[in-house]
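Here the structure is laid out as structure tokens; the discussion comes afterwards.
So that the names make sense, note that chain A is the first sequence line, chain B the second, and so on, each numbered from 1.
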Amino acid sequence: MPELPEVETLTRALHCGKNGSCPIVGKKVAQTHLLWKRTLANTTERKLNKRLMGQIVQSIGRRGKFVVITFNQETLLIHLRMSGDLRVEIASNSLLQKHDRLVIDFMDGYRLVFNDPRKFGRTWLTEDPQEILGNLGSEPLDSHLTYAQFHQKLKGRKRQLKSLLLDQSFLAGLGNIYTDEALHLACLHPLTLSNSINEEQSKGLLKAIRAVLKEGIQRNGASIDWVYRGGDFQNHFRVYQRDGQPCPVCGATIERILVGQRSTHFCPICQKLN
DNA sequence: CCTGAAACCTGTCTGC
DNA sequence: TGCAGACAGGTTTCAG
């Protein structure tokens, strides 16, 4: 799934029990079960089980695209990559599904299941989350990030905006959808070099990033491809996967190009290259 | 430092 | 119907 709004939607559901799921905060781990070895990035099934058994979920949150599950003395970090998903269910009422990769059973009969068809997803167990999250850039929605700082960060690099915005060490949370949407809203061509934009443009870009992320969260994320996850932001894309269709602003035909091996959608009229 | 290509995976869709 | 090829919300690693 997962860009910032989708991960945010998911963690809110796990935290508050929205969308019919049960909140997992306060639950005590009975045991864990690993079904695809490489899902664990930095430990083994045996060690995971030993370290998590008896631990109680203290909180669940998000940093960039990571789901952060905090236990008494351990933190479990989950990255959904392209196709990962999490669900909570009553173990005795449910069957494991085809692409389930990791299961955490709780004492009260509920379980948290990580499902991931493409097997790109990874989980880390650590006592110091900064060890894994330390390289991430700012949270785009964090008001501590000012327009002036963002402008300086852009000026300090010489990279194509599309690629730079996808770089999680520059800014944490944008993916292919929201980057294309933000660049269109900001009227900036994806190949614009980061050091070439002026103060007004960088301010507009950060505003656009925040606007599309907020809209995505408000719509509970986007559900695309064959995986339906409840959100409906996919019905409001301005350019993403709309190549050949009219730009919602000027009516010109949306184009698709490849930038850094990623499909990139933009309006050739609204988003001129300097 | 920057770009591009390949790798990691399974599933869906399109076109012949 | 079958099959090849393109493509998919991400990240890492390596070459130039």
Side-chain angles (χ1 to χ4, degrees), chain A residues 1-11 35-42 62-67 77-86 97-102 114-124 132-137 140 153-184 190-196 209 212-213 215-217 219-244 256-265:
Chain A
M1 52 167 36
E3 296 181 41
L4 187 155
E6 290 76 30
V7 179
E8 179 68 23
T9 300
L10 183 57
T11 59
L35 296 99
W36 178 251
K37 202 174 175 184
R38 300 191 61 181
T39 293
L40 285 183
N42 70 342
R62 177 192 63 73
R63 173 74 173 97
K65 299 174 189 173
F66 287 82
V67 176
L77 300 170
I78 303 176
H79 199 302
L80 277 28
R81 293 281 172 90
M82 292 287 262
S83 63
D85 198 7
L86 292 167
Q97 296 176 13
K98 189 173 181 184
H99 302 298
D100 289 343
R101 309 299 181 199
L102 177 66
F114 176 55
N115 181 281
D116 181 29
R118 292 182 70 179
K119 298 179 176 172
F120 287 164
R122 292 290 180 271
T123 58
W124 292 258
I132 288 95
L133 304 177
N135 290 329
L136 290 178
K153 279 159 63 80
L154 288 168
K155 299 294 282 185
R157 309 292 292 271
K158 187 178 182 179
R159 288 185 65 184
Q160 299 170 335
L161 286 180
K162 168 79 184 217
S163 300
L164 186 55
L165 294 179
L166 286 174
D167 184 340
Q168 302 299 296
S169 67
F170 182 78
L171 200 62
L174 287 180
N176 214 29
I177 295 176
Y178 294 91
T179 298
D180 281 4
E181 294 296 303
L183 286 171
H184 180 265
L191 296 179
T192 306
L193 289 177
S194 58
N195 66 340
S196 77
I209 289 168
V212 297
L213 290 176
E215 186 184 355
I217 291 171
R219 298 189 184 282
N220 295 316
S223 307
I224 65 169
D225 292 342
W226 74 99
V227 195
Y228 180 70
R229 302 173 202 265
D232 82 323
F233 187 56
Q234 70 276 12
N235 298 322
H236 303 272
F237 290 158
R238 304 160 63 92
V239 289
Y240 185 75
Q241 284 186 347
R242 291 194 64 250
D243 41 306
R256 171 182 178 272
I257 57 174
L258 276 184
V259 183
Q261 294 180 307
R262 307 302 302 276
S263 273
T264 299
H265 315 78

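Classification of the A/Phe233-A/Phe237 ring pair by plane angle, with boundaries at 30° and 60°, yields perpendicular.
Distance CD1 (A/Ile177) to P (C/dA8): 11 Å, rounded to an integer number of Å. Note: CG (A/Asp243) to P (B/dT14) measures 14 Å, nearest angstrom. Here the C1' atom of nucleotide C/dT13 and the CG atom of A/Asn135 are 15 Å apart, to the nearest Å. Between the CG atom of A/Leu165 and the C1' atom of C/dG10 there is a distance of 15 Å, rounded to whole Å. Between A/Met82 atom CE and C/dT11 atom C1' the separation is 10 Å, expressed in whole Å. The interatomic distance linking A/Arg118 (CZ) with B/dT10 (C1') rounds to 7 Å, in whole Å. Atom CG of A/Leu80 and atom P of B/dC9 are 17 Å apart (whole Å). Rounded to an integer number of Å, the gap from A/Leu166 CG to B/dT3 P is 12 Å.
Note on A/Lys162: nothing from the nucleic acid sits closer than 4.0 angstrom, heavy atoms only. Residue A/Gln241 is classed as a sugar-phosphate contact, given heavy-atom separations below 4.0 Å to backbone atoms only. As judged by a 4.0 angstrom heavy-atom cut-off over every strand, A/Ser263 is placed among residues touching the sugar-phosphate backbone only. Contacts of A/Arg122 with the nucleic acid, taken as non-hydrogen atoms under 4.0 Å apart, are absent. Using a 4.0 Å heavy-atom distance criterion, A/Gln261 is classed as a base contact.
Across B/dC9, B/dC2, B/dG11, the shortest atom-to-atom separation from the side chain of A/Lys98 is found for B/dG11. Listed nucleotides: C/dA8, B/dC2, C/dT11. Nearest to the side chain of A/Arg159: B/dC2. Distance from the side chain of A/Asn176 is smallest to C/dG10 among C/dG10, B/dC2, B/dT3. Nearest nucleotide to the side chain of A/Arg38, out of B/dC8, C/dT11, B/dC1: B/dC8.
An OP1 or OP2 oxygen of B/dT10 is reached within less than 4.0 angstrom by a side-chain nitrogen or oxygen of A/Lys119. Checking the phosphate oxygens (OP1, OP2) of B/dC9, no side-chain nitrogen or oxygen of A/His99 falls inside 4.0 Å. Distances shown here put a side-chain N or O of A/Lys65 below 4.0 Å from the OP1 or OP2 atom of C/dG10. Side-chain N/O atoms of A/Arg157 include one lying less than 4.0 angstrom from OP1 or OP2 on B/dC2. Contact check, A/Arg262 against B/dG4: no side-chain N or O comes under 4.0 Å of OP1 or OP2. Listed pair A/His79 / C/dT11 meets the phosphate criterion, a side-chain N or O lying under 4.0 Å from OP1 or OP2.
Exactly one of A/Glu3, A/Glu6, A/Glu215 qualifies for a side chain to side chain donor-acceptor pair (under 3.5 Å) with A/Tyr178. That residue is A/Glu6.
The backbone N or O of A/Ser83 sits nowhere less than 3.5 Å from a side-chain atom of A/Arg118 that would complete a donor-acceptor pair. Using modelled atom types, no side-chain atom of A/Gln168 and backbone atom of A/Gly137 make a donor-acceptor pair closer than 3.5 Å.
Taking the P atom of each, C/dG2 and B/dC9 are spaced 28 Å apart, rounded to whole Å.
When Watson-Crick and G-U wobble pairs are counted only if both distances are under 3.5 Å, B/dC9 pairs with no nucleotide at all. Pairing of B/dC1, defined by two Watson-Crick or G-U wobble distances under 3.5 Å, is not identified with any nucleotide.
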- Task: Please lay out, stage by stage, how A/His79 and A/Trp124 fare under the test side-chain contact (heavy atoms from CB on, under 4.5 Å).
- Result: CA-CA 9 Å; A/His79 199 302; A/Trp124 292 258; 3.8 Å; yes
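In this structure, the aromatic ring of A/Phe120 is positioned over the six-membered ring of the base of B/dC8, centres within 5.5 Å and planes within 30°.
When side chains are defined from C-beta on, A/Leu161 counts as touching A/Leu154, because their heavy atoms get closer than 4.5 Å.
Inspection of the A/Arg256 and A/Ser263 side chains reveals an N or O donor paired with an N or O acceptor under 3.5 Å.
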